[in-house]
Structures are given as C-alpha cells and as structure tokens.
Amino acid sequence: MADHLLSFKFLFFALVILATSFLPLPSLLSRSVNRLFQLKQHIYPSSPAIFTRSQLNRTFASMAYEKELDIALLAVQRATLLTKSVYSSHSKGTLSKSDSSPVTIGDFGAQALIISSILHAFPNDEVVGEEDADDLRKNESLRDLVWELVQAAKLEDSKAEEKIGGPIKSAEDMLTAIDAGRSQGGRKGRIWALDPIDGTKGFLRGGQYAVCLALMVDGVPAVGVIGCPNLPVDDKTLLDASVGADADDKEGKGVLFGAVTGEGATSRPLGPGALLDGNKISMKPLEDITQATFCESVEAGHSSHGDNAAIASKLGITKPSVRMDSQAKYGSIARGAGDLYLRLPVSKTYQEKIWDHAAGVVIVEEAGGQVSDAWGKPLDFGLGRTLKDNKGVVAAPKAVFSQVIEVVKDVLGAKE
C-alpha cells in the first residue's frame with residue numbers, strides 16, 4: 001500500500017507540473033484534482049490522507065494564477081511610472097469623451113503599456129479597456145506626446161521589464177495596443193478589465209487616483225491589482241479627510257495591492273523596478289459598527305451623499321465620511337484603513353462599468369470583506385462592459401455586512 005500511496009504522490013506532483021505548464025486552464029486542473037481525490041478514496045478508503053481535497057484545490061488555485069498576478073503587478077507598477085510623471089507635470093492633455101468624462105495623456109499611455117504587457121504574456125486573452133486610440137490617430141501632436149511618455153516608462157530591473165515584454169517598439173504598436181482594449185466582455189473565457197487611470201477628475205485636481213487591472217475567468221473576477229501612487233505606504237495609517245482632498249506624490253506614498261481568489265490579499269510599496277516584498281492585509285475587525293469609518297466618492301454624481309449620510313445615521317456612525325476618488329477606496333478598506341464603502345445609485349439609468357470595480361472586489365473579498373450591489377445582489381461581471389443587472393455598490397467586513405445591507409435597503413426602499 002505504501003508503494004501505491006507513493007504513486008498517488010507522484011500523480012499529485014505530475015499535476016503540479018501540469019499546473020505550471022497550462023496556467024490558463026484552472027477549471028481543468030480543478031477537475032483533475034477532484035478526480036484524483038475520488039480515485040484515491042475509492043481504492044484506499046481507509047488509508048491515511050496524503051492531502052485533502054481543499055488543500056489540493058487551494059494549491060492549484062494559487063499556482064494557476066501565479067503568473068497572472070506577477071504580470072499584472074509588474075504591468076500596473078510600470079504604468080504608474082508614467083502616470084506619476086504626468087501627475088507632476090503642469091499639462092495633462094485633457095480631452096472630453098462623448099459622455100463628457102475627462103481623459104488625459106496618462107490614460108492613453110497607461111492603457112498602452114498595460115495591454116502590451118498582458119498580450120505579451122497571454123496573447124490569446126481579451127481586454128476590456130476604458131479608452132481607444134481614435135483621438136490619437138486624429139491628433140498627431142497628442143499622439144507624439146503620449147508616445148514620448150510611453151518610451152520613457154521603463155522598469156529599472158531588466159528582468160522585470162523583460163517579463164512584461166520590454167518597451168513598446170513603435171508609435172503604431174502603441175496605438176494598436178490601446179485599441180486592443182475593445183473587447184465587449186462576457187461570461188466565457190479569460191478577459192482582463194482595465195482602468196488606466198481610475199478617478200481621472202481626482203487625478204486632475206490633485207486627489208487620489210488608481211491604476212486598476214483585473215482578470216475575469218468566465219465572467220468571475222479571479223485576479224485583482226490596484227496601484228495607488230498617492231496612498232500612504234503604511235497599512236496602519238487610518239483614513240481621514242486629507243487623504244482624499246490633499247494628495248501629493250511624496251516619499252512614503254505609493255501602494256500596490258494584489259489578490260488572487262482563494263489566496264488572500266497583499267499590499268506592497270510601489271517601486272521603480274522589481275516587485276518589493278508584500279504584506280498580507282485584512283479588513284479591520286469591527287466590533288462596534290458605530291465606530292466605523294466609511295468611504296464614499298468625491299463626486300456627488302457618482303454616489304448619493306444624502307443617502308450615505310442617512311445610512312450612517314441609522315447605523316449610529318458619527319464620524320464624518322472620507323471622500324476620495326477611485327478604487328483606492330477598495331484598497332483602503334481592505335487593509336483596515338477604513339471600514340465601509342458605499343456607492344449608492346444616483347440615477348435609474350446609470351450602469352456601473354466593470355473596470356471600476358472588478359479589481360477592488362477581488363481585493364476586498366480576499367481581505368475578509370463582502371461586496372454586493374445596493375440591494376444585496378452579487379455583482380455580475382459577465383454581462384458585458386457594464387454591471388447592467390446591478391445598482392450601486394456596498395462593501396463591508398463580512399461580520400457586519402448583513403447589518404449594513406439591511407439599512408441600505410431600508411433607506412433606498414423608503415424613496416421608492
């Protein structure tokens with residue numbers, strides 16, 4: 001029997017090798033794990049357990065997306081080198097899109113760099129990006145300005161730079177990379193959701209912003225990365241009003257959040273080269289919800305401040321809300337700097353964009369939180385480029401989530 005059990009161990013390690021060779025096939029690996037476990041139980045039901053089913057599945061979940069997380073972290077880190085250079089400049093090359101939302105040269109450059117990185121490592125994947133290159137193709141001077149920034153954005157570590165494909169070779173390749181973000185999303189396959197500069201208005205006025213990237217597999221977020229150049233590096237720094245209102249690009253700022261489903265969440269300092277060491281993060285234990293700090297959007301057009309205040313009052317929360325732009329809110333509550341995130345609907349017709357939430361949802365859930373829409377429904381990322389079946393977003397620690405969501409529903413229900 002010992003020899004046979006050793007054979008099962010050999011099969012286990014063979015699956016490990018398969019996992020590293022066929023990273024895009026986590027569902028197949030999971031099925032193989034389950035079949036191997038069933039076979040062992042059928043032949044040797046009373047033998048000592050070499051491993052448990054959950055241990056195997058956790059191992060393969062981690063290995064299946066190890067490369068994806070590494071590439072995403074490096075891609076976002078390199079893109080923040082570009083956004084920081086634009087952030088510190090006087091002219092950000094602002095344009096207005098058809099929906100009147102602003103876009104900067106930083107948006108174009110960051111999208112080009114990240115999509116180029118993703119398609120170098122995973123050429124068969126799709127990307128849902130926020131921008132396209134139409135304006136750059138029409139405006140030669142703007143294109144040249146973006147191209148200059150893209151050429152200058154390089155990781156100092158040559159091995160890290162090589163992992164994500166190295167420099168983009170030409171201005172035309174840059175435009176092609178930007179336009180590769182035209183995927184319509186959906187529920188099948190591997191699709192990345194990218195927001196090259198989340199919180200563009202905050203970026204323009206000197207507030208918080210984030211570079212956000214998530215991998216969705218069959219419509220479910222599996223990997224999330226958020227780069228926040230203006231958040232404090234120290235995970236223990238609690239949120240206050242100055243974090244959102246008066247950001248700057250000084251020493252001690254710059255955080256890179258990452259998470260893989262089933263593997264927890266981390267934060268690490270943003271750096272100029274290879275990835276720096278990360279720390280496990282978790283949401284703060286919240287024994288008394290009246291002591292909670294909640295985050296909301298700066299823009300009243302993004303979230304109903306009045307409804308947020310009513311919910312805080314019903315929960316007994318007396319601390320003022322912290323208003324900040326971008327998915328930096330997700331990262332902040334995930335590491336315990338804040339507690340609740342409320343983004344309540346201001347329009348019956350507005351549909352949240354998947355790139356505004358996919359990365360943040362993975363990070364918060366892996367840090368011990370729960371996320372739903374304002375009515376308690378899970379966010380559905382498999383319906384295209386928007387969360388068309390959801391209204392609003394609520395994120396909170398699991399222990400108090402049900403309490404929070406009931407109050408949210410009470411406040412919103414009273415308006416109908």
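Leu342 and Ile311 get closest at one heavy-atom pair: CD1-CG2, 4.1 Å. For Gly258 against Leu73, the heavy-atom pair with the smallest separation is CA-CD2, 4.2 Å. Taking both residues in full, the closest heavy atoms of Leu412 and Ala374 are given as CD1-CB, 3.5 Å, listed atom of the first, atom of the second, then distance. For the pair Gly392 and Pro345, the tightest heavy-atom approach, listed with the atom from each and the gap, is CA-CD, 3.8 Å. Between Val260 and Tyr65, the closest heavy-atom pair is CG1-CB, 3.9 Å. Taking both residues in full, the closest heavy atoms of Asp325 and Gly202 are given as OD2-CA, 3.3 Å, listed atom of the first, atom of the second, then distance.
Within the model, atoms NZ of Lys154 and CG of Leu82 stand 13.0 Å from one another, a figure rounded to the nearest 0.5 Å. Atom CG of residue Asn230 and atom CG of residue Leu270 lie 10.0 Å apart, to the nearest 0.5 angstrom. Taking NZ of Lys201 as the reference point, atom OG1 of Thr104 lies at 14.0 Å (rounded to 0.5 Å). Atom CG of residue Leu119 and atom CD1 of residue Ile71 lie 11.5 Å apart, to the nearest 0.5 angstrom. To the nearest 0.5 angstrom, Lys391 atom NZ is 13.0 Å from Leu344 atom CG. For the atom pair CE (Met283) and CD (Glu365), the distance works out to 10.5 Å, reported to the nearest 0.5 Å.
For the pair Glu366 (side chain) and Ala265 (backbone), a donor-acceptor distance under 3.5 Å is absent. Within the 3.5 Å criterion, the main-chain N or O of Arg182 finds a donor-acceptor partner in the side chain of Gln184. Side chain of Gln327 to backbone of Asp356: a donor-acceptor contact under 3.5 angstrom is found. Of the possible donor and acceptor atoms, one in the side chain of Thr261 sits under 3.5 Å from a partner among the backbone N and O of Ala222. Of the possible donor and acceptor atoms, one in the side chain of Thr80 sits under 3.5 Å from a partner among the backbone N and O of Gln77. Side chain of Asp218 to backbone of Gly189: a donor-acceptor contact under 3.5 angstrom is found.
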Applying side-chain contact (heavy atoms from CB on, under 4.5 Å), run through Leu194 and Cys212 and close with a yes or a no.
-> CA-CA 6 Å; Leu194 165 63; Cys212 309; over 6 Å; no

Check the pair Asp307 / Lys314 against salt bridge (Lys or Arg N to Asp or Glu O under 4.0 Å), numbers first and verdict last.
-> CA-CA 11 Å; Asp307 289 340; Lys314 278 182 170 287; over 6 Å; no

Test log, rule side-chain contact (heavy atoms from CB on, under 4.5 Å), inputs Asn390 and Asp380 | CA-CA 7 Å; Asn390 299 112; Asp380 190 344; 4.0 Å; yes

Mind running side-chain contact (heavy atoms from CB on, under 4.5 Å) on Ser297 and Arg323 for me, showing each step along the way?
-> CA-CA 5 Å; Ser297 300; Arg323 293 179 180 176; over 6 Å; no

Step by step, would you call Ile405 with Ser372 a side-chain contact (heavy atoms from CB on, under 4.5 Å)?
-> CA-CA 9 Å; Ile405 202 68; Ser372 77; 3.6 Å; yes

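A heavy-atom distance below 4.5 Å is not found between the side chains of Leu74 and Ser117. Residues Ser332 and Leu231 form a side-chain contact, since some pair of their non-hydrogen atoms from C-beta on lies under 4.5 Å apart. In this structure, the side chains of Glu66 and Leu69 stay at 4.5 Å or more apart for every pair of heavy atoms. The side-chain heavy atoms of Arg143 and Asp135, taken from C-beta on, include no pair separated by under 4.5 Å. In this structure, Asp125 and Ile191 have side chains that are not in contact, with every pair of non-hydrogen atoms separated by 4.5 Å or more. In this structure, the side chains of Leu215 and Arg190 come closer than 4.5 Å at one or more pairs of heavy atoms. Looking at heavy atoms from C-beta onward, Leu155 lies in side-chain contact with Leu81 at the 4.5 angstrom threshold. The closest side-chain heavy-atom distance from Phe108 to Ile197 is not below 4.5 Å.
Using a 4.0 Å cut-off between charged side-chain N and carboxylate O, Asp195 and Lys353 make no salt bridge. Ionic pairing of Glu162 and Lys159 is not present here: no N-O contact between side-chain nitrogen and carboxylate oxygen is shorter than 4.0 angstrom. Using a 4.0 Å cut-off between charged side-chain N and carboxylate O, Glu161 and Arg78 make a salt bridge.
You'll find the ring centres of Tyr341 and Phe294 outside the 6.0 Å limit.
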Ignoring hydrogens and angles, write down the donor-acceptor pairs under 3.5 Å from the side chains of residues 164-178, residues two or more places apart or on other chains.
residue, atom, partner, partner atom, Å
Ser170, OG, Asp173, N, 3.1
Ser170, OG, Asp173, OD2, 3.3
Glu172, OE2, Arg137, NH1, 3.3
Thr176, OG1, Glu172, O, 3.0

Can I get a per-line list of side-chain donor-acceptor pairs under 3.5 Å for residues 284-292, giving both atom names and the distance, sequence neighbours left out?
residue, atom, partner, partner atom, Å
Asp288, OD1, Thr290, N, 3.1
Asp288, OD1, Thr290, OG1, 2.7
Asp288, OD2, Thr290, OG1, 3.0

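With a 6.0 Å cutoff to the six-membered ring centre and a 45° limit on the axis angle, Arg335 does not count as a cation-pi contact of Phe257.
Residues Tyr209 and Thr200 have side chains that never bring a donor and an acceptor to within less than 3.5 angstrom of each other. Residues Glu352 and His357 bring a donor and an acceptor atom of their side chains to less than 3.5 Å of each other. No side-chain N or O of Ser326 forms a donor-acceptor pair with one of Gln208 less than 3.5 Å apart.
Counting non-hydrogen atoms of other residues, nucleotides and ligands closer than 6.0 Å to NZ of Lys163 gives a total of 12 or fewer. By the 6.0 Å contact criterion, NZ on Lys319 is enclosed, its count of non-hydrogen atoms from other residues, nucleotides or ligands being greater than 12.
A side chain to side chain donor-acceptor pair (under 3.5 Å) check over residues 267-278, counting only residues at least two apart or in different chains, returns the pairs Asp235-Ser267.
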